[in-house]
Amino acid sequence: MDLVSDCKISASACSPHLGSIAGKCAALLIFALASRTVFVLLSPGLNGQANNDASSVLIPDLSLVGFDDYGIRMHKFLEVPQIVWGLNNQKIAFARACLTARMLNRTLLMPSLSASLFYKEVDLLQPISFDKVFQFDRFNSLCSGFVRLGRYSELSNKTATVELVKGSGRKWTVERDIDQLKEFASDSLDNHEIIRIVGKNPFLWHDHWPVGDYGRVFECLVLVDEISKEADRVIDRIRVASNGESESNAGVVEPVPYVAVHMRIEKDWMIHCKKLEQRLNIKEICSSKDEIMARVGKLSGLRPPTVVYLAVADSLLEDSSILAGWRDGLVPFEKKRLGVDVIYQKYPYLIQSAIDYEVCLRADIFVGNSFSTFSSLVVLDRTQKMLRSGVRSFCGEDVKWPSYAYNIPGELDGPKRWVTKMNDSNLQAISYGSNDISC
Ligand SMILES: *[C@@H]1O[C@H](CO)[C@@H](O)[C@H](O)[C@H]1NC(C)=O
Ligand SMILES: *[C@@H]1O[C@H](CO)[C@@H](O)[C@H](O)[C@H]1NC(C)=O
Ligand SMILES: *[C@@H]1O[C@H](CO)[C@@H](O)[C@H](O)[C@H]1NC(C)=O
């Protein structure tokens, strides 16, 4: 698997406005987050009422008039271009398409993802249907009231499709982009059953939404059973390997903690990150193999022997030196040494990447690079897991699901603790990386 392009693309597409709009949006966001909580708390009740008991006589069935239970219209659709590039670029692009549809109060027609990574040769971008990777019905039930996915078979085809051509170039500002969306939400254009957005892939659209809204969409993405079972198999192998390393536990198979390191040191990444360091005038983007090993070795609270799963690009699987040089007590594995490369080989790039993502997501400790989209989304997901489990002080000592960035020095020369700022006003830091991480 090649996780390189994930970031290579991000960089070439990187817009120069790195400044943040932080402060003024804060209050609004907190309000939005708070009201959403209330909304979620109320939802199950409303749902039950509308569907099951006698009170449904009093509450009109909104789906009959074309809204789902909480107001996303079911008979107005948004269509977007095929979603392309790395797994995590695709997730971001998909969420952006969902949030655009939400703004237009429309159902998003289930888009095509791309199974392969040949981002320059458009004919090689094998389309793969969203529901081959993520559960369609689960998505709609988890995201109910927030965003909605529809199928082409739901279309009536009674009105002509209207096209929304995304502007581009330097003069196409965030403001012009939002004005265009508002125009398409207006009465005259709103009659059309389908608004089709034409132009570049949604990852490159201007962003208008806070991190919390993206998080809300990501939470609804649940892998189909086939893929999540493969991830289970890989994780089982890691835990068995951990047991094998632990003499006192010999023969006993029980969950043993493991560390996952998303190790970006392959040649393409090194070339890319050096350029990025120059352009952004930041020294903390590239980490050498030795720096990563040294920082991970200084993680506090590890009980040796600990298995370290290395999520690396395929090109590094032939390089046995990545398994050497770890401090005593850390036992490194990549998919080849673990014997799970056969599992991965059955699948195209996108699925391989999705499996590795799960392995990193579920690790007891995750260490990544804060300039990688892949690492950044893993950390966002882990931050949400912490939130859901009721953690208050994310950066405290004994929290579950801690994450770290090895490219930034932290306490005692170890990697720096890392949580996602869920109240950030846009996704810039996650899409393109940042060395300004919380904790
Ligand atoms: C986000 O939350 C953190 C921690 O609660 C706070 O320090 C920060 O000021 C907040 N930022 C914004 C933009 O609201
Ligand atoms: C969508 O439109 C319906 C009817 O106009 C409205 O009741 C609902 O609140 C809207 N939903 C959103 C998310 O704007
Ligand atoms: C409208 O067209 C789509 C395919 O473009 C098709 O799946 C759907 O069944 C059509 N709807 C009707 C009512 O014919």
Side-chain angles (χ1 to χ4, degrees), residues 1-11 14 18 86 88 258-300 302 306-327 329-334 353 356-357 359-360 363 365-380 382 402-420 429-439:
M1 165 181 47
D2 186 359
L3 298 171
V4 178
S5 307
D6 180 12
C7 287
K8 197 158 56 188
I9 287 160
S10 311
C14 185
L18 286 166
N88 293 288
Y258 70 96
V259 178
V261 180
H262 178 218
M263 203 167 173
R264 306 235 33 195
I265 51 167
E266 66 279 11
K267 212 186 272 165
D268 311 30
W269 163 259
M270 282 313 204
I271 294 170
H272 155 71
C273 76
K274 293 278 184 228
K275 279 192 202 145
L276 201 59
E277 283 190 340
Q278 270 175 7
R279 203 176 63 212
L280 301 178
N281 198 15
I282 296 177
K283 287 224 161 50
E284 295 169 336
I285 302 178
C286 310
S287 284
S288 65
K289 183 169 67 186
D290 292 339
E291 183 171 85
I292 297 172
M293 287 178 188
R295 293 228 166 108
V296 173
K298 299 244 167 70
L299 277 172
S300 60
L302 294 183
T306 301
V307 164
V308 180
Y309 176 75
L310 306 176
V312 291
D314 277 349
S315 60
L316 289 170
L317 294 179
E318 303 307 325
D319 174 2
S320 57
S321 76
I322 62 167
L323 295 174
W326 294 84
R327 87 154 156 76
L330 293 184
V331 190
F333 282 89
E334 24 70 326
S353 190
D356 246 12
Y357 183 89
V359 175
C360 291
I365 296 177
F366 172 73
V367 195
N369 186 309
S370 68
F371 281 85
S372 149
T373 316
F374 182 97
S375 292
S376 297
L377 274 196
V378 169
V379 174
L380 184 151
R382 292 170 68 92
S403 307
Y404 297 82
Y406 56 65
N407 57 313
I408 305 176
E411 275 176 43
L412 304 169
D413 296 330
K416 187 159 166 67
R417 268 293 280 282
W418 180 9
V419 296
T420 300
I430 287 154
S431 316
Y432 300 114
S434 168
N435 61 348
D436 173 23
I437 58 178
S438 293
C439 292

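Note that this is a predicted model, so its numbers are computed, not measured.
Going from atom CG of N407 over to atom SG of C273 covers 9.5 Å, rounded to the nearest 0.5 Å. Atom CD of E266 sits about 10.0 Å away from atom NE2 of H272, to the nearest 0.5 Å. Distance CG/L310 to CG/L317: 10.0 Å, rounded to 0.5 Å. The OG atom of S370 sits 8.0 Å away from atom CD1 of I285, with the distance rounded to the nearest 0.5 Å. Interatomic distance, CG of N435 versus CD1 of I282, reported as 4.0 Å (0.5 Å rounding). Taking NE2 of H262 as the reference point, atom OG of S376 lies at 10.0 Å (rounded to 0.5 Å).
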*Any chance you could lay out the side-chain contact (heavy atoms from CB on, under 4.5 Å) test for D356 and Y309, step after step, and finish with the verdict?*
CA-CA 10 Å; D356 246 12; Y309 176 75; 2.9 Å; yes
_K267 vs S315, side-chain hydrogen bond (donor to acceptor under 3.5 Å, both in side chains): CA-CA, chis, key distance, verdict_ = CA-CA 9 Å; K267 212 186 272 165; S315 60; over 6 Å; no
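Residues meeting the ring pair (Phe, Tyr, Trp, His ring centres under 6.0 Å) test with Y357, sequence neighbours left out: F374.
D319 has its side chain out of reach of V312: every pair of non-hydrogen atoms, C-beta onward, lies at least 4.5 Å apart. A 4.5 Å side-chain heavy-atom check between L302 and I365 finds at least one atom pair inside the cut-off. Side-chain contact between C360 and R382 is absent, with no heavy atoms from C-beta onward closer than 4.5 Å. Residues E291 and Y406 fail the side-chain proximity criterion, which asks for heavy atoms closer than 4.5 Å. Contact annotation: the side chain of Y404 never approaches that of I437 to less than 4.5 Å [non-hydrogen atoms, C-beta and beyond]. With a 4.5 Å cut-off on side-chain heavy atoms, E284 and I408 count as touching. Side chains of C286 and F371 form no contact here, defined as non-hydrogen atoms less than 4.5 Å apart. Looking only at side-chain heavy atoms (C-beta outward), E334 and L316 stay at 4.5 Å or farther from each other.
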Listed pairs under 3.5 Å, donor-acceptor, residues 413-420 side chains, sequence neighbours left out:
unit_1: K416; atom_1: NZ; unit_2: C439; atom_2: O; d: 2.7
unit_1: R417; atom_1: NH1; unit_2: G396; atom_2: O; d: 3.1
unit_1: R417; atom_1: NH2; unit_2: F394; atom_2: O; d: 2.6
unit_1: R417; atom_1: NH2; unit_2: G396; atom_2: O; d: 3.2
unit_1: T420; atom_1: OG1; unit_2: L380; atom_2: N; d: 3.2

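At least one donor-acceptor pair closer than 3.5 Å links the side chain of W269 to the backbone N or O of R264. Of the possible donor and acceptor atoms, none in the side chain of R327 sits under 3.5 Å from a partner among the backbone N and O of A294.
Contact detail for M293 and S321: the closest heavy-atom pair is CE-O, 3.9 Å. Closest non-hydrogen pair, S288 versus I265, comes out as C-CG2, 4.2 Å. Nearest heavy-atom pair across W326 and P332 is CD1-CG, 3.4 Å.
A 6.0 Å sphere centred on NZ of K289 holds more than 12 heavy atoms belonging to other residues, nucleotides or ligands.
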